[in-house]
Amino acid sequence: DVNLSQLVHVESIGNKFLSHCTHLTNIDLSHLVQIKSIGAEFLSDCTALEEIDLSILFRIQSIDDDFLSYCTRLTSVYLLPLTKLQSIGTRFLSVCTNLSRVDFSPFAQIRTISHFFLSDCIRLKSIDLSLFAQIKTINNYFLSGCKNLSKIDLSPLTQVKLIGDGFLYSCVNLSSVDLTPFTQVK
């Protein structure tokens, strides 16, 4: 077990916080009550991590690259506490190969989706983008490699002006994609 009780007054977590802890199965973040920003590779490559409670992180405004990426046993992520979230880094939840459900409720303020967003989450079958109405930029490899993704509703993405390379690349189970919401893409 990891004891974080001494971090009660910490407001920012730097890069590689508990990254590559391959035997870590769970973690109690309840002492991180003051955290406003998270550096790169937060709990990245924790291949034994099965679940995580982010409810204490309600003050978070920004998340750097590789947030929970390569957590191959993680099955679902509840992001609702992150209501102040304004930016996310590259490879957000990428290569979480058992991830089948993500709640994007706090994404109402996000304007840009970074590179490799949820890429290679091979168990993800559908995704609810209804709260992505303010997104203006989708960078490279959005949902790429999500081989079981069979349904996606892009209709909320009417504000998107830029779509990067590899959009839905290698999503082999998608039988149709309606791109009509992208009227502002040039």
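Every value quoted in this text rests on a predicted model; they were computed, and no experiment measured them.
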Identify all side-chain donor-acceptor contacts of residues 5-15 below 3.5 Å with residues at least two apart in sequence or on another chain.
unit_1	atom_1	unit_2	atom_2	d
Ser5	OG	Asn3	OD1	2.7
Ser12	OG	Ser37	OG	3.0
Asn15	OD1	Ala40	N	2.8

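Leu168 has its side chain within reach of Phe142: a pair of non-hydrogen atoms, C-beta onward, lies under 4.5 Å apart. Ile138 is listed as a side-chain neighbour of Leu157, based on a closest heavy-atom distance under 4.5 Å. Residues Asp178 and Leu154 form no side-chain contact, since every pair of their non-hydrogen atoms from C-beta on lies 4.5 Å or further apart.
Ring-plane geometry between Phe182 and Phe167 is classed as perpendicular, the angle between the planes exceeding 60 degrees on a 0 to 90 degree scale with a lower cut at 30.
Residues Leu93 and Leu118 approach most closely at CB-CD2, 3.5 Å, considering heavy atoms. Nearest approach of Ser119 to Ser94, heavy atoms of both residues: OG-OG, 3.1 Å. When all heavy atoms are compared, the tightest approach of Ile88 to Phe107 is CD1-CE2, 3.8 Å. The heavy-atom pair separating Ala108 from Gln134 by the smallest distance is O-CG, 3.4 Å. Scanning both residues, Gln159 and Ala133, for their nearest heavy atoms gives CG-O, 3.1 Å. Across all non-hydrogen atoms, the minimal contact from Val172 to Lys147 is CG2-O, 3.7 Å.
Checked against side chain to side chain donor-acceptor pair (under 3.5 Å), Ser19 has the following partners two or more places apart in sequence or in another chain: Glu41.
Dense packing is recorded around CZ of Phe67, with more than 12 heavy atoms of other residues, nucleotides or ligands lying under 6.0 Å away. Within a 6.0 Å radius of CZ in Phe58, more than 12 heavy atoms belonging to other residues, nucleotides or ligands are found. Counting non-hydrogen atoms of neighbouring residues, nucleotides and ligands closer than 6.0 angstrom, the CD atom of Gln109 exceeds 12 such neighbours. Atom CZ of Arg59 is surrounded by more than 12 heavy atoms from other residues, nucleotides or ligands within 6.0 Å. Enclosure of atom CZ in Arg111 by more than 12 non-hydrogen atoms of other residues, nucleotides or ligands within 6.0 angstrom is indicated. Counted within 6.0 Å of NZ on Lys136, heavy atoms from surrounding residues, nucleotides or ligands total more than 12; the atom is thus considered enclosed.
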**side chain to side chain contact (heavy atoms under 4.5 Å, CB included) assessment of Phe116 paired with Asn140** = CA-CA 6 Å; Phe116 298 97; Asn140 298 343; 5.5 Å; no
**Request:** Take Leu143 and Leu124, measure what side chain to side chain contact (heavy atoms under 4.5 Å, CB included) needs, and give me the verdict at the end.
**Result:** CA-CA 9 Å; Leu143 294 170; Leu124 198 62; 4.2 Å; yes
**Item:** Verdict with reasoning, Leu57 to Ile38, per side chain to side chain contact (heavy atoms under 4.5 Å, CB included)
**Value:** CA-CA 10 Å; Leu57 302 178; Ile38 294 176; 4.1 Å; yes
**Prompt:** Could you walk me through whether Asn98 and Arg73 pass the side chain to side chain donor-acceptor pair (under 3.5 Å) check?
**Reply:** CA-CA 5 Å; Asn98 276 309; Arg73 290 202 180 143; over 6 Å; no
**Message:** Go through it in stages, so that I can follow the logic: the residues are Ser69 and Val95, the test is side chain to side chain contact (heavy atoms under 4.5 Å, CB included), and I'd like the CA-CA distance, side-chain angles, deciding distance and then a yes or no.
**Reply:** CA-CA 6 Å; Ser69 64; Val95 196; 5.9 Å; no
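Looking at Ser144, its side chain never comes within 3.5 Å of a backbone N or O of Gly166 through a donor-acceptor pair. Here the side chain of Asp64 pairs no donor or acceptor atom with the backbone of Gly89 at under 3.5 angstrom. One N or O on the side chain of Asn148 and one on the backbone of Ile122 form a donor-acceptor pair closer than 3.5 Å.
Ile63 and Leu18 fall within the same hydrophobic cluster, where Ile, Leu, Val, Met, Phe, Trp and Tyr residues are linked whenever their side-chain heavy atoms come under 4.5 Å apart, directly or through other members. Linking Ile, Leu, Val, Met, Phe, Trp and Tyr whenever their side-chain heavy atoms come within less than 4.5 Å leaves Leu131 and Leu82 in two separate clusters. Note: the hydrophobic cluster containing Leu162 does not contain Tyr141 (ILVMFWY, side chain heavy atoms under 4.5 Å, direct or indirect links). Linking Ile, Leu, Val, Met, Phe, Trp and Tyr whenever their side-chain heavy atoms come within less than 4.5 Å leaves Tyr78 and Leu43 in two separate clusters.
How far OG1 of Thr75 is from CG of Leu99: 7.5 Å, rounded to the nearest 0.5 Å. The OG atom of Ser170 sits 11.0 Å away from the CG atom of Leu149 when rounded to the nearest 0.5 Å. The line from OG of Ser44 to CG of Leu49 is 11.0 Å long, rounded to the nearest 0.5 Å. Put simply, CG on Leu85 and CG on Leu79 are 8.0 Å apart, with the number rounded to the nearest 0.5 Å. Atoms CD1 and CG, on Ile35 and Leu4 in that order, are 9.5 Å from each other to the nearest 0.5 Å. To the nearest 0.5 angstrom, Ile52 atom CD1 is 8.0 Å from Cys46 atom SG.
The distance between the ring centers of Phe104 and Phe117 falls below 6.0 angstrom.
For the pairing with Leu129, the side-chain contact (heavy atoms from CB on, under 4.5 Å) check across Asp153, Ile135, Ile113, Ile152 returns one residue only, Ile152.
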